[in-house]
Amino acid sequence: PGMSGADLENVVNEAALLAAREDHSMITMEDLERAKDKIVMGAERKIIISDEEKKIIAYHEAGHTMIQELIPEIDNTHMVTIVSRGRALGVTYSLPAEDMYLYARKRCLGDITGLLGGQAAEKIVFDELTSGASNDIERATDLARRMVCDWGMSELGPISLGSKDEEVFLGREIVQSRNHSDQTALKIDQEVRGIIDSCRNRAETLLQQNIDILHAMSNALLEFETLDRDQLDRLFRGEKLEPEEMPEPVSSDEEQRIARADSLSMKGFL
Ligand code: NHX
Ligand code: ZN
């Protein structure tokens, strides 16, 4: 759900490349899953990260995942990883159950809370904040501003409020192009701040109330690096996760072929 036709085309293309690389005569479901992850989350990036930073990343992603699990109105986490993908050091990826065309206020507030859950976990566990949350903060602020200015979801009511942000390209004319008074601008900022503050409080409260699961999930992430929906279900039921199944042994011939194919595919990206 949520993908465009072009996204789907990319996924199928990527799956075909993966299948060909492994000499399959057909595209398997596994190829499609890996292709989808790459299109949605970006290509895996092999970088070396200190144990200390890995721990911060694990708690940050665990924070998002916990909130997505604890707030019923929003989508659960489909997959969470501390393997670097695209521009991100870690990714929490949720999947809507079906395509949706309307965005309910509760859901919006839930999503903002989820976005702030990463940094909230960092703050609770390490009593410190890092710069990594920039994209989360940008998205949360953007959503809050749209609730106030576009969607009539604040005390200011259903008035369309042109915000500066959308008209940056006008440069100096920003002030004239605003369709509201300075007083209203102040009220917008206050409403946005109010939404962010209450969502941040909610995130911190939820995480503090479930700190044991937060620790368990962060530990599981450090051990397994990526958790899928099945593993998350087991974690939330309080079960221990079995160690990863060993990959099937490959012949040295096979190994060399895969290594060759991988180095070829890397050249395309570096
Ligand atoms: C940096 N990257 O720029 C390093 C390499 C907090 C564990 N010094 O929130 O990776 O800090 O939940 C799209 C997508 C900027 C645009 C991700 C722009 C990431 C991602 C900065 C995880 N996951 N932050 C996150 C992260 C970073 C960044 C992005 C973007 C971290 C965080 C990036
Ligand atoms: Zn984040």
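For ligands, and for the atoms within them, numbers begin at 1 and follow the listed sequence. Just so it is clear, the structure is predicted and the values come from calculations on it, not from any experiment.
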Heavy atoms of other groups near Arg193 CZ, more than 12 under 6.0 Å: no
Determine if the distance from atom 3 (O) of ligand 1 to the closest protein heavy atom is below 4.0 Å. no
Hey, is Arg229 close enough to Asp233 for a salt bridge, meaning N to O under 4.0 Å? yes
Please work out, at 4.0 Å between heavy atoms, whether the side chain, the backbone, both, or neither of Glu61 comes within that distance of ligand 1. side chain
If we number the atoms of ligand 1 from 1 as shown, the ones under 4.0 Å from a heavy atom of Ile57 are 7 (C)
When you compare the side chains of Asn201 and Ser198, does any donor N or O come within less than 3.5 Å of an acceptor on the partner? no
Closest approach of any protein heavy atom to atom 14 (C) of ligand 1, naming residue and atom: Asn135 OD1, 3.7 Å
In Å and rounded to the nearest 0.5 Å, what is the CZ to CG distance from Arg202 to Leu116? 11.5 Å
List ligand 1 atoms under 4.0 Å from His64, heavy atoms only on the residue side. 12 (O)
Atom 23 (N) of ligand 1 touched by protein heavy atom at under 4.0 Å: yes
Main chain of Thr130, side chain of Glu122: is a donor-acceptor contact present, judged purely on distance under 3.5 Å? yes
If you scan protein heavy atoms around atom 18 (C) of ligand 1, the nearest is Arg87 NH2, 3.2 Å
Does Lys55 form a salt bridge (charged side-chain N to carboxylate O under 4.0 Å, His left out) with Glu52? I'd like the steps, not just the answer. CA-CA 5 Å; Lys55 223 173 136 184; Glu52 210 174 311; over 6 Å; no
Using the rule given for salt bridge (charged side-chain N to carboxylate O under 4.0 Å, His left out), can you reason through Glu242 versus Arg234, listing the C-alpha separation, both sets of side-chain angles and the distance that settles it, and then say yes or no? CA-CA 10 Å; Glu242 313 98 68; Arg234 265 176 273 156; 2.9 Å; yes
What is the nearest protein non-hydrogen atom to atom 9 (O) of ligand 1, stated with its residue, atom name and distance? Asp136 OD2, 2.9 Å
Dump the intermediate steps for salt bridge (charged side-chain N to carboxylate O under 4.0 Å, His left out) on Asp189 and Arg145, then the final yes or no. CA-CA 8 Å; Asp189 289 344; Arg145 199 165 273 282; 3.2 Å; yes
Option nearest atom 20 (C) of ligand 1 (shortest heavy-atom distance, choices Gly118, Gly90, Ser131): Gly90
Once rounded to 10°, what is the value of the angle centred on the Zn ion (ligand 2) between Asp136 OD2 and His60 NE2? 100°
Would you indicate which of Ala58, Gly132, Gly114, Ser134 comes nearest to atom 31 (C) of ligand 1 when only heavy atoms are counted? Gly132
Can you tell me how far apart CG (Leu161) and OG (Ser154) are? Round to the nearest 0.5 Å. 7.5 Å
Could you tell me which atoms of ligand 1, counted from 1 in the order shown, lie closer than 4.0 angstrom to a heavy atom of Ala88? 10 (O), 17 (C)
Please report which non-hydrogen protein atom sits nearest to atom 25 (C) of ligand 1, along with the residue it belongs to and the distance in Å to one decimal place. His60 NE2, 3.6 Å
Among Leu89, Leu115, Thr130, closest by any non-hydrogen atom to atom 5 (C) of ligand 1: Leu89
